[in-house]
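Proteins get letters first, then strands, A, B, ... in listed order; numbering begins at 1 in each.
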Amino acid sequence: MTTDIRSGAVAGKPREALDAVTIRFAGDSGDGMQLTGTQFTSTSAVVGNDIATLPDFPAEIRAPAGSLPGVSGFQLHFSSRDIRTPGDEPDVLVAMNPAALKVNIGDLLEGGMVIVDTDAFTKGNLAKAGYDHNPLDSGELSRYRVFPVNLTTLNANALAETTLSKKERDRCRNLFALGLLYWLFDRPMEKTVRWIQDKFGKRPEVADANLRALRAGFNYADTVELFTTHYTVDRARLEPGTYRSITGNEATALGFIAAAHRAGKTLFYGSYPITPASDILHELSMHKEFGVKTFQAEDEIAAMGSAIGAAFGGAIALTGTSGPGLALKSEAIGLAVMTELPVVIVDVQRGGPSTGLPTKTEQADLLQAFFGRNGECPVPVVAPATPADCFSMALEAVRIATTYMTPVLYLSDGYLANGTEPWRFPTTESLPDLRVEHWTRAEGFMPYLRDQRTLARPWALPGTPGLEHRIGGLEKADITGNVCYDPDNHHHMVSLRAEKVARVAESLPPLEVFGPPTGRVLVVGWGGTHGAITSAVERLREEGLSVSSVHLRYLNPFQKELGEVLGGFDKVLVPEINLGQLRFLLRARYLVDALGYNRVRGKPLKIHELAGHIRSLV
Amino acid sequence: MTTDIRSGAVAGKPREALDAVTIRFAGDSGDGMQLTGTQFTSTSAVVGNDIATLPDFPAEIRAPAGSLPGVSGFQLHFSSRDIRTPGDEPDVLVAMNPAALKVNIGDLLEGGMVIVDTDAFTKGNLAKAGYDHNPLDSGELSRYRVFPVNLTTLNANALAETTLSKKERDRCRNLFALGLLYWLFDRPMEKTVRWIQDKFGKRPEVADANLRALRAGFNYADTVELFTTHYTVDRARLEPGTYRSITGNEATALGFIAAAHRAGKTLFYGSYPITPASDILHELSMHKEFGVKTFQAEDEIAAMGSAIGAAFGGAIALTGTSGPGLALKSEAIGLAVMTELPVVIVDVQRGGPSTGLPTKTEQADLLQAFFGRNGECPVPVVAPATPADCFSMALEAVRIATTYMTPVLYLSDGYLANGTEPWRFPTTESLPDLRVEHWTRAEGFMPYLRDQRTLARPWALPGTPGLEHRIGGLEKADITGNVCYDPDNHHHMVSLRAEKVARVAESLPPLEVFGPPTGRVLVVGWGGTHGAITSAVERLREEGLSVSSVHLRYLNPFQKELGEVLGGFDKVLVPEINLGQLRFLLRARYLVDALGYNRVRGKPLKIHELAGHIRSLV
Amino acid sequence: MGMNTDVGGGTATREAPASLSRKDFVSDQEVRWCPGCGDYAILAQVQRVMPTLGIPRENIVFISGIGCSSRFPYYMNTYGFHSIHGRAATLATGLKCARPELSVWVVTGDGDGLSIGGNHLIHALRRNVDLKILLFNNRIYGLTKGQYSPTSEFGKKTKSTPLGSIDYPINPVQVALAAEATFVARSFDRDLNHLAHIVERAAAHKGSAFVEIYQNCNIFNDHAFEHFTEKDVRDDRTVYLEHGKPLVFGRGGDKGIRLRGLHPEVVALGDGGSTEELLVHDERARDASLAYLLSHLDYPEYPIPLGVFRAIQRPTLETMMQTQVDQAVQKGGPRDLDALLRGRETWTVDA
Amino acid sequence: MGMNTDVGGGTATREAPASLSRKDFVSDQEVRWCPGCGDYAILAQVQRVMPTLGIPRENIVFISGIGCSSRFPYYMNTYGFHSIHGRAATLATGLKCARPELSVWVVTGDGDGLSIGGNHLIHALRRNVDLKILLFNNRIYGLTKGQYSPTSEFGKKTKSTPLGSIDYPINPVQVALAAEATFVARSFDRDLNHLAHIVERAAAHKGSAFVEIYQNCNIFNDHAFEHFTEKDVRDDRTVYLEHGKPLVFGRGGDKGIRLRGLHPEVVALGDGGSTEELLVHDERARDASLAYLLSHLDYPEYPIPLGVFRAIQRPTLETMMQTQVDQAVQKGGPRDLDALLRGRETWTVDA
Ligand SMILES: Cc1ncc(C[n+]2csc(CCOP(=O)(O)OP(=O)(O)O)c2C)c(N)n1
Ligand SMILES: Cc1ncc(C[n+]2csc(CCOP(=O)(O)OP(=O)(O)O)c2C)c(N)n1
Ligand code: SF4
Ligand code: SF4
Ligand SMILES: [Mg+2]
Ligand SMILES: [Mg+2]
């Protein structure tokens, strides 16, 4: 069994088994690359591979056809082993035009395969991609194995008999390419065949054309001696169970629907569209049958305000945004802190500062989540580690918010939001019971009474006779909740709000260390870098190095064990897609000389680069 | 020479010299306490005392007369020594009604003097103040020296011959009280006499009545054997020179006017009113003769936006607000960071979180200033240490902003804003030259070129032929400033913006240590706690203890010497009016186990409490 | 009642006890406006109207922003929320969407509602959220001690405009009409019965109701309205709008308003003039042109209109939102969370 | 020029070179809108008009928010600022106050300018800051890929409203009029000459100029306007407003609009109808009632009005601000910073 596709260059053997393959499909926004990638993914999932994917959307809506900014990519990692990321570097690049080649070739593994549609390498297209020559002829691709296919022509020929227009026929090019790859990686076509039949059921001639293109691609590869080898990737030894594939944004939406369901409550989502958070709004607005109410507000401040109002009314109240929107919400989040209402604020982080790189991922809102408000204004912060984990952390966010009567910040990121992984989805009854009790007795009611354990104040809802009361943003007297300017009361309340958030730690699961609990290097991560960090650490441990990792899904407060765990290692390394924000928090809190590994490139960390860096520390 | 007014209880001596006295005037909002205090202050300044004052405004505009929320206070510390705060605890309380007594008596030094207007202790007023008895009769004031004066009656009698209505006569009560105190502390009346004549010049009968009241109070004290002693407080050995008294907000306004003047530029101030920052707007809008343009925007976001626009146009651009407003500005501050434009953002901190305690002071926006924006978004942060220092730091803020082409955060607070101190104001020519050079050559112009030393980009102004260019919030390509999605460029620019702010340290004055550069305890402070900290440290050093302090006026970046200074002491204590924000920064940066002293009471720290705490550490 | 019973306190549909009185709406908090402030009169009228509405007290919520006016909720013995500057309408919208059965009131000021909060006001109105919005217009920033506001007169000298304001003021009624608010009215703090009547009308309206209330701030902007609110001049300088009635005003009804094209003219009645040619008020006109035209009338050229400018019916946001949910529930059948989690496509890994 | 020469780049008052051409206004940045987007046409017309204005290129600044439309400044070879979502008007106001001699343009979208930025728009207009504001109304959020906007039709299905929108749309012209904007106009991306003409008129106006431009987003909201913009129906379904002229439209001018009271009626001309009784447009009417009434006209009941609704004169904010400064300078004499620092009251401590 080989583990590297490059060895496929050794010809002769018709079928070769690989551990894992990373393919990147790239083409114009209009070329259907997302769709091609998704089909390959589903098929790979069904044959039992472990999978992880990452789309790379262009920043423009529809940049001019053939231009560099118009390139759309989809990367897919499938494997017979347990994998955690969409892969550092593609083994295979499918480039539908010169721009796609130019944008992506730099990422390809040396010796990797490039499949290009030579028909698209016209003078015009070359110029649009900024080439003054044809890279297919110049020898500059000699470090790769290039497979030139006159794909447009072949596809057009295959569809010659259909009634479709030329434009419509050309739109099927992507399925021709998919067929090629299905042959190359020995995948069954049934899933895609069914999908085409479903999708174009109403337009049989289009369905037919797509099916023809798919089969033509497959047959072409089978017939023509283009590829000397084809490859198999065995099924992975995943935990038994039923799986689906899910993106982080979908998992976030489903997690909050599930949380509201388990709380027996209406889910209210007030939001203002912003990349990469908008899909949560789209997803939730399709599930009104679960009693979900979605409200597209006039801006982020209004979205936050509406969520506070809904929380006051007793709903499971949620608002979602990305970095710039979180900045706008900050004043109103302070109001939720002062009024101690349970609102979850989702921030799907993207490249910053300012408008930054809206379609790229980053982890640079952590300190904003902690400190981006006036006054002493603490809120619990949680962060999912993988796309599917978004589901679990949504439930956790709601649990913390309603148990402790506090706003909670939920930090996702662009990578998690759009990345997919297989998810062994739970059954409803296995989910935690999130029912809450509202105060209803008039006797003894005080708006700022405290639960002794959680320090939560009562959640008393309008509509309850005898509990009429007023809350607001001015400092509150302890217990009565009346406006209060007393100096000692203020100190007390400021401390109490801090203590309440600190107490959340009592309810958290113990911190799990990946690897031995003491050793040479501890790698500490949070958020969407989980896959890269864990894979790197695993790789190094396989090399026999003393490296462990912890991945923090609870950022404020930290789990109680963290201090001790940090103390068990000679060195602590904190890889982040920012300039060292978690590192900063750890240093201040634990006075540990944590080192940073920081790559702020709008992209996930690369396993092998990170592993190399850790290796240098051991 | 006695140093404590309590010893005045030893009778007999007609005149006793004191080092320092703290008086608090307290009465209804309508009783003219601010005015009385200001007069006493000016007179004390003129006789050569060092002074420091602090008003304590009621939270309500005009709460019902006689009510507790309606009490307005003014505290004044005057001394023959160098003083730095308005005093921990008043030695003398002047209480014009029962509410004023109730609100303030707890702060009085044991054995201190209470002068009350017995006429105001009516049933109705006692009830409004929540007394069910008369505290003057109950013995509860036995720990103080109470001087009951039927002030309203005495004043009315003195004005019997005037043509004023009863209401108008009663309005002169405060001057009767002032007269009393002028006798008690042996102050000349000329200044106040002149002031009355000036102020009521157009209404001679009112001027006359006020003068009569003042003199009547003085004569009453002189004649009646009410006070057994009167006190003198010698002139202080201040640095020779000409002084004026100034509040922090005034000094801030003047500082920015001076900065713009020294830059040869228009000062543009875009702001939205908010306590306690509004007075800066009021002050600046009165100085249009200096070319100041003030713009009351529709909200804080608009204010920030307008300042960015003005900076783009080449003005010295300023916006000012308090905590909740800073939260609102955060997204737009990020835009100024990305576009690298010089805008100064003034935050006059108040009690938080949320609306909090708008009229009270606090230091809890430091971490918001550092981190309250999406993405990696660094800005320099400066903070004046005393009311007069607001002037100097305004010049510094402008210098840093224009030299480094960056927004700068200037953190004042409610205590500095309204507190006064004597200011040996500078002459114009002694002020730094703040002229800037704008790029004007078309050749070689690139919007994101860098000055090698400061890393500043060129400030190229609209109206300059040949420099037409576009900037914005999307990530910029290095040098050209074009929109750029390149991963490595992003990492480079994120790092470069951080480095630029770090470089500001090169231009900062060396850090001064108050006391020996090494020792047992180092006290580190910032902002408006300067007076309290320095006084406490001085007191302890006089006791022979090994205590030094540093007061940080530059928070981001820190001065270069800080790390070494911290290392020279066994213990580091950080007193703050928050839960430990500077402490947090120091711990993270220097891994020093800094301890906190945190009192979040909406009030300045008390010297003796702080001193006690430090003593316990030594 | 659809999906929202789950969030109710249990008895949200209880009938109003017949015995509620004004006193039941007075909270235990000391009122802290300046003596003489117009806010007192408004509070008194709202407290007077509340018990007549037949709404259980616990179903009433007052939400405000920040400003003197925004302290209002503390004084009402109902549920209340003193939020942050300018954002009251956003909280109210969220609450009303989550709990359509509540009676939600917004109290705001000319700064709170038209400066920092102008956008939220417009969007709440255009969405026709069933909120009752009372905007206390004192043409000044009271709480921050006297800066000019968006309704302050051009040239006004205030703390922030010592040389006079150079902003043209905004007309709140006009803004509400441009947002296509379904109910728009104006009253003032000196005619208590009129004020009570307008508050009642607003309460009775199903949909966004916007009421501008001229309110005297005797500390920072005293006498702002007295040129037309004082009893002796009021009849001549104001005109009370009444649906279906001609626009008559003046002592003894001696003046009226008629249209010349689109130009309103004041005409003397009595001496020959009949009310027949006068402009007849139609608050129910679908198109707001008449209301808009009336909103321009201003003293001294015209009398100042008071009353209901517009009152039309349209489905409200929270009702439509609830309907979409109810229909989805009906159509989607019982909510099957397991099906949702499973999604469209699954595969199984065997042990 | 008062206080602002100090901030000029030195030669801000240079005359426009007579030779400027359209090409001079084309920047070196590749235009990245979707092929077929209406934004291209608008860009082309603005680039065509610019050289005719007699303004030196370096004195022109384009400021935008965020949205597809807001990429506009990158393509103009002038000074430009692509700011943040909804806030362009605030930057433009600050810039214009600091530098009154510049020609400042704002480009915004229906989401940028009316959703998140609605309040800033209104306040810039009411203050009459001399800005030229072009609002590209495509009735959709383009950049974020297809959510509904404040101008989207009621019931519209979009990504965020799969069951249809339940918000009533806002009318941009109406909002601008309610803000008492001094210049309000409407054009669209398919009549290039009209668009160029309106842009010219806006440029010529001294004061805030608001121009709504219907713009087709062929990706997320294709055909939104074609029911009246397509050549074959345009004459019958739109009416071009011209000052002092009766409202005539239809192929060959066969229809007109007259008023019945406040109710507009479409009348057939030709067969007996004369233009005499028709409504005559008056863009200079001080009171915006006519403009407001026209802003309500909508297809299919009426033709959609295009052109200038309102154009009146009023002093601008930045001029008045400059005047206050200049007068204070004159009155206060030479600026004596030392006197300011000294203040009113000093005392001296001797050595
Ligand atoms: C974000 C924010 N900005 C500014 C303020 C300060 N502030 C409080 S109330 C107010 C304006 C009050 O005016 P108005 O709304 O007219 O109410 P009034 O006091 O006149 O009733 C301002 C500017 C604040 N509390 N929060
Ligand atoms: C604070 C903030 N919120 C949200 C966004 C996301 N966003 C960018 S453009 C836009 C709306 C675009 O619509 P419109 O203004 O109509 O412009 P168009 O793209 O249609 O031209 C939104 C919601 C953002 N960039 N910033
Ligand atoms: S300041 Fe004005 S508005 Fe505020 S309470 Fe006093 S009188 Fe009323
Ligand atoms: S998405 Fe629409 S508005 Fe945006 S560039 Fe494409 S066509 Fe134009
Ligand atoms: Mg007001
Ligand atoms: Mg749009």
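Each of A/G372, A/G602, A/P324 has some count of heavy-atom pairs under 4.5 Å with chain B, and the biggest count is that of A/P324. When each of B/V337, B/L366, B/D365 is scored by its heavy-atom pairs under 4.5 Å with chain A, the top score falls to B/D365. Of the listed residues (B/A594, B/A364, B/P353), the one with the most heavy-atom contacts under 4.5 Å to chain A is B/P353. For the options B/S354, B/G375, B/C484, heavy-atom pairs under 4.5 Å to chain A are most numerous at B/S354. Note: B/L335 leads B/L335, B/D347, B/T339 in heavy-atom pairs under 4.5 Å with chain A. The most heavy-atom pairs under 4.5 Å with chain A, out of B/G334, B/A327, B/G352, B/G473, come from B/G473. Put simply, of A/R601, A/H492, A/M338, the one with the most heavy-atom pairs under 4.5 Å next to chain B is A/R601.
A donor-acceptor contact shorter than 3.5 Å is absent between the side chain of B/E376 and the backbone of A/N578. Without hydrogens or angle criteria, A/N374 side chain to B/G325 main chain gives no donor-acceptor distance under 3.5 Å. In this structure, the side chain of A/D478 does not engage the main chain of A/N489 through any donor-acceptor pair within 3.5 Å.
Only the side chain of B/I301 comes within less than 4.5 Å of a heavy atom in chain A; its backbone stays farther off. Neither the backbone nor the side chain of A/L326 comes within less than 4.5 Å of any heavy atom in chain B. Residue B/L591 touches chain A through both its backbone and its side chain, counting heavy-atom pairs closer than 4.5 Å. Only the side chain of B/E362 comes within less than 4.5 Å of a heavy atom in chain A; its backbone stays farther off. Interface remark: B/V592 contributes backbone atoms only to the contact with chain A (heavy atom separation under 4.5 Å).
The pair A/E340-A/K476 fails the salt-bridge criterion, with no side-chain N (NZ, NE, NH1 or NH2) lying under 4.0 Å from an Asp/Glu carboxylate O. B/E475 has a carboxylate O that lies under 4.0 Å from a charged side-chain N of B/R497, or vice versa, which qualifies the two as a salt bridge.
Between A/D593 and the options A/R587, A/K571, A/R583, a salt bridge (charged side-chain N to carboxylate O under 4.0 Å, His left out) holds for only A/R587. In summary, of the residues considered (B/K603, B/R24, B/K360), a salt bridge (charged side-chain N to carboxylate O under 4.0 Å, His left out) with B/D56 occurs for B/K360 alone.
Looking at B/I471 and B/R457, their side chains come closer than 4.5 Å, going by heavy atoms from C-beta outward.
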